[in-house]
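These numbers come from a predicted model, not from an experiment. Protein chains get the first letters and strands the later ones, always in sequence-line order, with residue 1 at the start of each.
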Amino acid sequence: MAMSIVQSLQQAVSQAIENLYGEPFAADKVQIAPTSPEFTGDYTAVVFPYVKLAKKAPDVVGAEIGDFLQKNVPDVQAFNVIKGFLNIELSTAYWQNFLQNALADPGFGRQPRNGRKVMVEYSSPNTNKPLHLGHVRNCLLGWSCSQILDAAGYDVVKVQIVNDRGVAICKSMLSWLKYGEGKTPESTGIKGDHFVGDFYVLFEHKTRAEYEAWQQTDAARALFADKHKPEQSEKDFFKDYKNKWFNEYSSLGAEVRDMLLRWEAGHPDTVALWKQMNNWVYQGFEATYAKLGVAFDKLYYESDTYLLGKDIVEEGLSKGVFYRKDDGSVWVDLTDVGYDHKVVLRADGTSVYITQDLGTARMRYHDFGCESVVYVVADEQNYVFAVLFEVLRRLEEPYAQGLHHLSYGLVELPTGRMKTREGTVVDADDLVEEVIRIAREQAAERGGVEGDDREENLRKVGLGALKFFMIKVNPKRRMIFNPEESVDLQGQTGPYIQYSWVRINGLMQRVKRENVDLSPAVSYTDFQPQEKDLLKALHEFPGVVLTAAREYDPSHIANYCYGLAKSYHRFWHDLSVFNADAPEARAFRLELSRAVGKVLEAGMRLLGIEMPERM
RNA sequence: GGCUCCGUAGCUUAAUGGAUAGAGCAUCUGACUACGGAUCAGAAGGUUAGAGGUUCGAGUCCUCUCGGAGUCACCA
């Protein structure tokens with residue numbers, strides 16, 4: 001592959017230092033950055049690191065290196081030095097050439113395949129209730145991260161692990177058996193995941209009613225009198241006691257545990273019911289994923305993986321990574337890296353969560369051979385993943401050096417964390433409908449364009465607003481989501497970017513209609529600042545994709561697209577395209593617009609955001 | 001309490017150790033008989049929580065203090 005201009009400049013600067021001052025300086029240590037907007041130039045070399053070995057003042061060093069570059073690098077046209085910053089101006093020919101190449105390359109911004117496989121795990125829902133706002137952020141991050149890694153040259157495998165077993169789904173199952181009267185999603189017209197979720201909520205209500213009734217019994221009163229702490233109110237006491245009550249006194253609790261035991265024993269009716277209810281949920285999930293525009297290559301189910309990992313525990317024992325206590329439980333000592341002792345197998349020989357995670361990791365490596373894995377999971381599990389990764393490294397698993405936890409901040413509401421019990425959960429399906437509704441409302445207010453594709457465009461605008469809102473901030477930042485006002489359509493938003501693309505689309509339609517000759521573009525040389533800004537921004541695109549991939553951070557792409565769209569809006573406002581005063585200028589601006597449109601579309605696609613034809 | 005993360009304008013936020021900390025929202029003032037005004041320009045808004053330190057250079061790295069969050073089950 002040809003060397004990029006930045007690499008050429010690094011090499012040339014390195015060469016200059018060696019020639020001028022007789023000291024070697026590694027080319028990849030040479031700092032080259034895009035020139036700040038307030039100065040003249042395209043790229044800037046920082047010369048402070050060389051003043052010591054040159055034994056000269058910074059501005060002298062800058063001038064000497066600049067002189068060398070101008071003489072030895074054909075693309076360098078001019079330079080200026082300000083306070084130790086060497087600003088380099090590239091030639092018009094370089095920029096013309098760059099634009100033509102970018103336009104000719106259908107995959108501009110994408111790297112060649114690097115032959116490496118990476119797995120991205122995201123979403124990973126429970127099957128007892130529908131997806132909510134938190135899953136939406138997770139899915140958007142997981143999807144865009146997958147797209148970005150793909151663009152960076154990796155082969156990406158997208159997976160989720162579905163928590164399809166355990167107490168939670170048993171609650172929905174029992175609830176349906178007791179109160180369902182044989183209803184189905186089909187018979188009620190309720191989407192499958194919501195249908196099952198409703199029975200989960202109903203179960204919680206019934207449990208609460210049972211608990212409140214129980215609190216009036218003599219046994220409960222006696223217990224409170226005996227066990228409560230001084231200062232503790234009856235209300236607080238019973239709040240804390242709920243779990244214990246559910247496990248020891250509740251008849252619903254007993255029935256759920258019984259159902260879980262029957263499931264684990266493979267009781268046919270129970271398993272059949274479990275399959276039925278989960279299938280309802282999966283149909284609902286699929287619809288939601290389709291609406292969000294995300295997909296998976298393979299699904300893993302906890303019912304298949306929850307027993308895995310015991311062989312790894314044995315291995316770890318023989319390797320000395322783990323140790324066994326007298327009661328038979330198995331542990332790992334991580335105190336030397338500042339963590340704790342962690343149990344990896346219970347005394348009764350059954351798995352804990354990490355046992356399963358170890359087994360799943362190995363199983364997936366066996367399935368796909370990915371040398372690295374990205375887990376998209378909220379930051380409340382930071383410690384869990386730090387421990388998991390440390391254990392896998394100690395076990396010397398072949399993929400252990402490539403593990404990454406894409407940790408993101410929880411999405412909260414203005415009232416605090418979402419709580420199922422308090423009914424404050426923002427449902428994913430509702431949210432999608434809501435943002436499309438807002439887009440429709442806004443379009444009507446602006447006297448939006450009608451047409452056959454109207455609904456499709458409104459969907460793209462609404463989702464574009466939502467997705468951009470959630471992805472433009474650094475993933476690790478916590479986010480307060482106010483459904484009332486979070487999805488703006490003006491300013492630093494998805495629709496702002498979509499609008500710049502729509503403008504370009506309008507130009508391209510006219511080019512086609514009028515069969516405009518674009519060939520004079522190459523003889524245009526008098527770049528205006530607004531045009532130069534766009535050229536420089538386009539030039540950055542491939543590097544931004546690589547940065548986003550390296551840091552597993554889609555927000556870089558979002559911020560880049562915003563910056564490019566902003567430059568384009570200014571260009572549009574300040575300069576005429578079709579009415580340019582010379583044919584070369586008109587053709588060049590059209591070509592430049594075409595390139596911007598192309599990059600905006602590609603960049604936003606990496607975020608899972610589509611461009612509407614009109615808006 | 002131990003460990004981890006965070007603190008940038010009224011609010012939401014950006015900034016591979018580099019130049020005068022950059023945007024958006026909200027507020028105020030302007031801009032189309034011109035390719036679409038979901039746009040553009042301008043004003044105002046900052047001791048980057050605080051104090052030390054390293055460096056030619058610190059929002060960024062180190063130490064301490066203050067404030068906030070997460071997490072510390074043989075639960076899933």
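For B:U39 and B:U71, the P atoms lie 39 Å apart once the distance is rounded to whole Å. With both ends at atom P, the span from B:G42 to B:A34 equals 23 Å, rounded to whole Å. Across the P atoms, B:G7 and B:G59 are found 14 Å apart, a figure rounded to whole Å. Separating the C1' atom of B:A76 from that of B:A15 is a span of 41 Å, rounded to the nearest Å. B:G53 and B:U13: their P atoms are spaced 33 Å apart (whole Å). For the P atoms, the distance from B:G57 to B:G45 is 30 Å, rounded to whole Å. B:A26 and B:C32 have their C1' atoms separated by 26 Å, with the value rounded to a whole Å. Nucleotides B:U16 and B:C40, compared at atom P, are 24 Å apart to the nearest Å.
Residue contacts shown for A:Leu575 include a base, since a base heavy atom lies under 4.0 Å away. Nucleic acid contact class of A:Val343 (heavy atoms, under 4.0 Å, all strands): sugar-phosphate only. As judged by a 4.0 angstrom heavy-atom cut-off over every strand, A:Val502 is placed among the base-contacting residues. Across all strands, A:Asn382 comes closer than 4.0 Å to no nucleic acid atom at all (heavy-atom distances).
For A:Lys566, the side-chain atoms get nearest to B:G24 when compared with the rest of B:G24, B:A38, B:U8. Out of B:G37, B:C75, B:A38, the shortest distance to the side chain of A:Arg346 is found at B:C75.
For the pair A:Leu410 CG and B:C6 C1', the computed distance is 13 Å after rounding to whole Å. Atom CD in A:Gln492 sits roughly 16 Å away from atom C1' in B:U39 (whole-Å rounding). Spacing between atom CG of A:Leu489 and atom C1' of B:U39 amounts to 14 Å, rounded to whole angstrom units. Rounded to whole Å, atom C1' of B:C72 lies 14 Å from atom CD of A:Glu380. Between the CD1 atom of A:Ile471 and the P atom of B:G24 there is a distance of 21 Å, rounded to whole Å. When rounded to the nearest whole Å, the span between CZ of A:Phe571 and C1' of B:G36 equals 15 Å. If you take CD of A:Gln356 and P of B:A76, they are 9 Å apart, rounded to a whole angstrom. Between the P atom of B:G22 and the CG atom of A:Asp533 lies a distance of 16 Å, rounded to the nearest Å.
With a 6.0 Å cutoff to the six-membered ring centre and a 45° limit on the axis angle, A:Lys171 counts as a cation-pi contact of A:Phe246. Cation-pi geometry between A:Arg165 and A:Tyr306 is satisfied (NZ or CZ under 6.0 Å from the ring centre, within 45° of the ring normal). Judged by the 6.0 Å and 45° rule, A:Lys325 forms a cation-pi pair with A:Trp331. Annotation: cation-pi pair A:Arg137/A:Tyr408 absent, no NZ/CZ under 6.0 Å from the ring centroid and within 45° of its normal.
For the pair A:Gly338 and A:Tyr499, nearest-nucleotide mapping onto RNA chain B gives the more 5' position to A:Gly338. Of the residues near RNA chain B, A:Val384 and A:Ala565, the one whose nearest nucleotide (by heavy atom distance) lies more toward the 5' end is A:Ala565.
Base pairing in RNA chain B yields stems of at least 3 consecutive Watson-Crick or G-U pairs, both distances under 3.5 Å, namely B:1-7 with B:66-72, B:10-13 with B:22-25, B:27-31 with B:39-43, B:49-53 with B:61-65.
Considering only side-chain N and O atoms, A:Lys472 lies nowhere under 4.0 angstrom from the phosphate OP1 or OP2 of B:A14. Distances shown here put every side-chain N or O of A:Arg478 at or beyond 4.0 Å from the OP1 or OP2 atom of B:G7. Distances shown here put every side-chain N or O of A:Arg417 at or beyond 4.0 Å from the OP1 or OP2 atom of B:A69. For B:G37, one of the phosphate oxygens OP1 or OP2 lies less than 4.0 angstrom from a side-chain nitrogen or oxygen of A:Trp572. Listed pair A:Lys476 / B:C6 meets the phosphate criterion, a side-chain N or O lying under 4.0 Å from OP1 or OP2. Under 4.0 angstrom from either OP1 or OP2 of B:A41 there lies at least one side-chain N or O belonging to A:Arg570. OP1 and OP2 of B:U71 both lie 4.0 Å or more from every side-chain N or O belonging to A:Tyr383. Put simply, A:Arg477 has no side-chain N or O that comes within less than 4.0 Å of OP1 or OP2 on B:A69. A:Tyr496 has a side-chain polar atom (N or O) that falls below the 4.0 Å cut-off from OP1 or OP2 of B:C40.
With A:Tyr524 as reference, A:Glu531 is the one residue of A:Glu591, A:Glu531, A:Glu584 to meet the side-chain hydrogen bond (donor to acceptor under 3.5 Å, both in side chains) rule.
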Verdict with reasoning, A:Gln509 to A:Arg513, per side-chain hydrogen bond (donor to acceptor under 3.5 Å, both in side chains): CA-CA 6 Å; A:Gln509 297 298 324; A:Arg513 225 168 32 239; 5.7 Å; no

Criterion ring pair (Phe, Tyr, Trp, His ring centres under 6.0 Å) on A:Phe79 and A:Tyr43, from CA distance to verdict: CA-CA 10 Å; A:Phe79 70 91; A:Tyr43 281 96; over 10 Å; no

Please tabulate the protein-to-nucleotide N/O contacts below 3.5 Å involving nucleotides 15-19 of chain B, giving atom names and distances.
unit_1: B:G18; atom_1: N7; unit_2: A:Gln31; atom_2: OE1; d: 3.0
unit_1: B:A19; atom_1: N6; unit_2: A:Thr44; atom_2: OG1; d: 3.0
unit_1: B:A19; atom_1: N6; unit_2: A:Asn87; atom_2: OD1; d: 3.1
unit_1: B:A19; atom_1: N1; unit_2: A:Asn87; atom_2: OD1; d: 3.4

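Salt bridge annotation for A:Glu314-A:Arg324: present, with a cationic side-chain nitrogen under 4.0 angstrom from a carboxylate oxygen. A salt bridge does not link A:Asp574 with A:Arg570: none of the charged nitrogens is closer than 4.0 Å to a carboxylate oxygen.
Ring pair A:Tyr562/A:Tyr496: centre-to-centre distance below 6.0 Å.
In this structure, A:Tyr353 packs face-to-face on the six-membered ring of B:A76, meeting both the 5.5 Å centre cutoff and the 30° plane limit.
When only modelled atom types and interatomic distance are considered, A:Ser593 and A:Tyr568 share a side-chain donor-acceptor pair under 3.5 Å.
A distance of 15.0 Å separates CZ in A:Arg477 from CG in A:Leu410, rounded to the nearest 0.5 Å.
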